[in-house]
Amino acid sequence: MSSANQPVQGMSDIAVPEVRLWQRIERLAREVLARYGFEELRTPVVEFESVFTRSLGETTDVVQKEMYVFEKGGRRLCLRPEGTAGVMRHAAGLGAAETDGARWYYIGPMFRSERPQAGRKRQFHQCGVECMEPPSPLVDAEILALQVDLLRAWGLEDCEVRLNTRGEGGGHAKVAEGLRAALAPRQAELCEDCRRRISENVLRVLDCKNEACQAIVATLPPPTDFMSEASRTYLAQVASHLDLLGVKYRVDPLLVRGLDYYEHTVWEIASMALGAQNAVAGGGRYRMQLGGRELAGVGFAIGLERVVGVLQALGLDAKMMELPPPLVWLVGLGGDAMKQNLALMQQLRAAGLACRMAPDGSMKSQMRAANKSGAAWAIIRGDDELARGVVALKDMVSGAQETLPLDRLVTHLAGKLAPKL
RNA sequence: GUGGAUAUAGCUCAACUCGGUAGAGCACCUGAUUGUGGUUCAGGUUGUUGCGGGUUCAAAUCCCGUUAUCCACCCCA
């Protein structure tokens, strides 16, 4: 309870039983991702600060106030606040032959120094993908479908997909100018935050929660009006591919994604089961300059804390937890039996069985420990069994107990185990 | 970064308003069976009341600070 044994603010231990849910989530993710031809890429948690400042955008909140930055050996380093930039940094070091058509996924911790809240940790975990195939509405739709598929595999059914376009990368300034011009006459009516946003990040005015701002936004021409014809066509094609794939979505012209590297398709997936931080996942197409190379791809990230939050809110968490293998507990009476059990335990483990024993204690307390551990069987040996070369094997669920020769123990247990697998 | 709430046994919480050296349930340990758990019964252990300071004869209780947690803003996954 004292502060000495608490983790750093906004960071938490993931322990039994919750960690079993995380294990299942990760295992299911790897299975689904493999079906789409993705392979894992493990990039370092620590990167040069410039990897993110250049790609996410100097003015984004993530870069300006949320990164954990530190200096080491005269270099500006940071803990990664997201996954895409690191993957692209990896790609920038490869030749085009290796990156063209690459499909990578990652699962791991990210760090943002925000005020902790429901569904918002300073160390949080994302599962994401990056697909470097040539830009195409078809690929964008496939990747979005993959994300929905993943969420469904985890049991998240009640999610809403909102789809939008940011338009071609070259047209961003034009969109911003258009919006600023349209907002200028109404500026005085906007909330304090939005007046600031007009100059800093005008797109953010679109998704302001303030009612007065929303009323003004409703009168604006949609941002797509300021985009190229090609941009609008691209979005329409993504939408039609999604229809073909049976993915439900809602086109939301007001959907905004914060990071600068996005262009064309962007989307966000929210769950009604969560509170204010209800965005479970987001994604989109992007383009960035890194290491002298221009890199383009489409990808997404899913916030695993939020996935866990939804599963807990829906009451699905207990069912989904990864179960440890059936356990055999060795109970020994007397020093000789304890030593013999220690040796036997290693033999059983070598044969593939999960085993534990208590180092001492009365038979009663050893049995209690076996019960508490959830052991499927107890192997009981005292002087009598040692002398006869047998063990007593007790089924902890039924309570039935049998005596069998030591040399038949492994095959006997393996036979009992088989139907359970 | 801003605002509100909270912090008491391993867990969930009571006692705080009206200061008098902390209590329940669950959990845990021992025994009822000198070699048998999970049910039952009997008995038992558990806390520097988040941390630091102040007021007071006396502070879990009142005051200040601090740290953390929760909720919302902001931002995002």
Side-chain angles (χ1 to χ4, degrees), chain A residues 1-12 56 59-67 81-84 107-128 147 151 159 191-194 196-197 200-201 204 207-210 255-259 267-271 274-284 299-310 329 331-334 337 358 361-386 392-401:
Chain A
M1 273 311 198
S2 76
S3 58
N5 48 29
Q6 281 181 342
V8 171
Q9 180 180 34
M11 317 215 170
S12 43
L56 310 198
T59 62
T60 57
D61 277 22
V62 172
V63 165
Q64 279 197 334
K65 36 190 180 185
E66 295 172 5
M67 288 217 291
E82 59 101 61
T84 301
I107 301 177
M110 308 292 165
F111 302 84
R112 293 184 199 174
S113 182
E114 302 174 274
R115 187 79 164 261
Q117 194 184 321
R120 195 165 81 178
K121 292 279 183 192
R122 289 184 168 184
Q123 173 173 338
F124 61 105
H125 299 78
Q126 288 188 333
C127 169
Q147 195 175 24
L151 294 172
C159 290
C191 73
E192 196 183 327
D193 283 331
C194 281
R196 172 179 54 81
R197 287 173 179 133
E200 287 179 10
N201 191 353
R204 279 281 164 219
D207 66 351
C208 180
K209 288 174 186 169
N210 185 301
L255 172 70
V256 178
R257 305 258 322 141
L259 308 179
W267 66 84
E268 206 163 286
I269 304 181
S271 167
L274 296 179
Q277 309 298 321
N278 68 346
V280 170
F300 65 66
I302 304 176
L304 297 182
E305 274 77 5
R306 297 193 184 171
V307 169
V308 167
V310 173
W329 196 280
V331 174
L333 301 154
S362 66
M363 178 166 192
K364 199 182 190 72
S365 67
Q366 289 185 60
M367 286 301 292
R368 253 204 284 265
N371 184 64
K372 191 180 159 195
S373 76
W377 299 283
I379 288 173
I380 302 162
R381 288 208 290 185
D383 293 339
D384 185 33
E385 284 83 1
L386 281 181
L393 178 67
K394 178 163 185 164
D395 183 313
M396 292 298 283
V397 177
S398 68
Q401 187 166 324

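Residue numbering restarts at 1 for every chain, and letters A, B, ... go by the order of the sequence lines.
If you measure from atom CZ of Phe300(A) to atom P of A77(B), you get 13 Å, rounded to the nearest angstrom. Atom-to-atom, CG of Asn210(A) to P of C75(B) comes out at 12 Å; the value is rounded to the nearest Å. In this structure, the CD atom of Gln123(A) is 14 Å from the C1' atom of A77(B), given to the nearest Å. A straight line from CD of Gln64(A) to C1' of G1(B) spans 13 Å, rounded to a whole angstrom. Rounded to an integer number of Å, the gap from Leu151(A) CG to A77(B) P is 14 Å. Rounding to whole angstrom units, CG of residue Leu255(A) and P of A77(B) are separated by 10 Å. As rounded to whole Å, 17 Å separates atom C1' of G1(B) from atom CE of Met67(A). Atom pair Leu56(A):CG and C75(B):C1' shows a separation of 13 Å (rounding to whole Å applied).
Between Glu305(A) and His125(A), the closest side-chain pair of non-hydrogen atoms falls below 4.5 Å. Under the 4.5 Å side-chain criterion, counting only non-hydrogen atoms from C-beta, Ile269(A) is not in contact with Ile302(A). In this structure, Ile380(A) and Met367(A) have side chains that are in contact, with non-hydrogen atoms separated by less than 4.5 Å. Contact check for Trp329(A) versus Met396(A): no side-chain heavy atoms found under the 4.5 Å cut-off. Put simply, the side chain of Glu66(A) does not reach to within 4.5 Å of the side chain of Pro81(A), judged on heavy atoms. Contact of the Leu274(A) side chain with the Val280(A) side chain is registered, since non-hydrogen atoms from C-beta on lie closer than 4.5 Å.
Among the heavy atoms of the strands lying under 4.0 Å from Gly10(A) are primed sugar atoms or P, OP1, OP2 only; no base atom is included. Within 4.0 Å of Ala370(A), counting heavy atoms only, lies no atom of the nucleic acid at all. Residue-level contact check: Gln9(A) touches the backbone only, with heavy atoms under 4.0 Å from sugar-phosphate atoms and none from bases. As judged by a 4.0 angstrom heavy-atom cut-off over every strand, Gly119(A) is placed among the base-contacting residues.
With hydrogens and angles ignored, a donor-acceptor pair under 3.5 angstrom links the side chain of Glu114(A) to the base of A77(B).
Nearer to the 5' terminus of RNA chain B, by closest-nucleotide assignment, is the contact made by Val8(A) (compared with the other of Gly303(A) and Val8(A)). Mapped onto RNA chain B by nearest heavy atom, Arg120(A) and Val280(A) fall at different nucleotides, with Arg120(A) at the one closer to the 5' end.
When the C1' atom is used for both G50(B) and A9(B), the distance is 14 Å, rounded to whole Å. Distance noted for atom C1' between U12(B) and C28(B): 16 Å (whole Å). Taking the C1' atoms as reference points, A24(B) lies 36 Å from G3(B), given to the whole Å. For the C1' atoms, the distance linking U69(B) with U30(B) amounts to 37 Å, nearest Å. Going from the C1' atom of G47(B) to that of A27(B) covers 15 Å, rounded to whole Å. On the C1' atoms, U55(B) is 13 Å away from U61(B), given to the nearest whole Å. G44(B) and A7(B) have their C1' atoms separated by 29 Å, given to the nearest Å. Across the P atoms, C70(B) and U33(B) are found 50 Å apart, a figure rounded to whole Å.
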Summarise how protein sits on nucleotides 35-42 of chain B as a single string, 5' to 3': B when a protein heavy atom is under 4.0 Å from the base, S for sugar-phosphate-only contact, - for no contact. BBBB----
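When the side-chain nitrogen and oxygen atoms of Gln117(A) are compared with OP1 and OP2 of A72(B), one or more of them lie within a distance under 4.0 Å. The shortest distance between the side-chain N/O atoms of Lys209(A) and the OP1/OP2 oxygens of C73(B) is below 4.0 Å. The phosphate of G4(B) (OP1 or OP2) has no side-chain N or O of Arg115(A) nearer than 4.0 angstrom. Residue Lys121(A) places at least one side-chain N or O under 4.0 Å from the OP1 or OP2 atom of C70(B). Regarding contacts with the backbone of A77(B), a side-chain N or O of Arg257(A) is found under 4.0 angstrom from either OP1 or OP2. Not one side-chain nitrogen or oxygen of Gln126(A) sits closer than 4.0 Å to the OP1 or OP2 atom of A77(B).
Here the straight-line distance linking atom SG of Cys127(A) with atom CD of Gln147(A) works out to 9.0 Å at 0.5 Å rounding. The line from CD of Glu82(A) to CE of Met67(A) is 9.5 Å long, rounded to the nearest 0.5 Å.
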Read 5' to 3' with Watson-Crick or G-U pairs under 3.5 Å, [ ] for crossing pairs and | for partners on another strand, RNA chain B gives (((((((..((((......[..)))).(((((.......))))).....(((((..]....))))))))))))....
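Between Gln366(A) and Gly332(A) the shortest heavy-atom distance is NE2-O, 2.8 Å. Contact record, Cys159(A) with Ser271(A): SG-CB, 4.3 Å, taken as the closest heavy-atom pair.
Within 6.0 Å of atom CG in Asp395(A), more than 12 heavy atoms from other residues, nucleotides or ligands are found, so the atom counts as buried in its surroundings.
Side chain of Arg122(A) to backbone of Glu114(A): a donor-acceptor contact under 3.5 angstrom is found.
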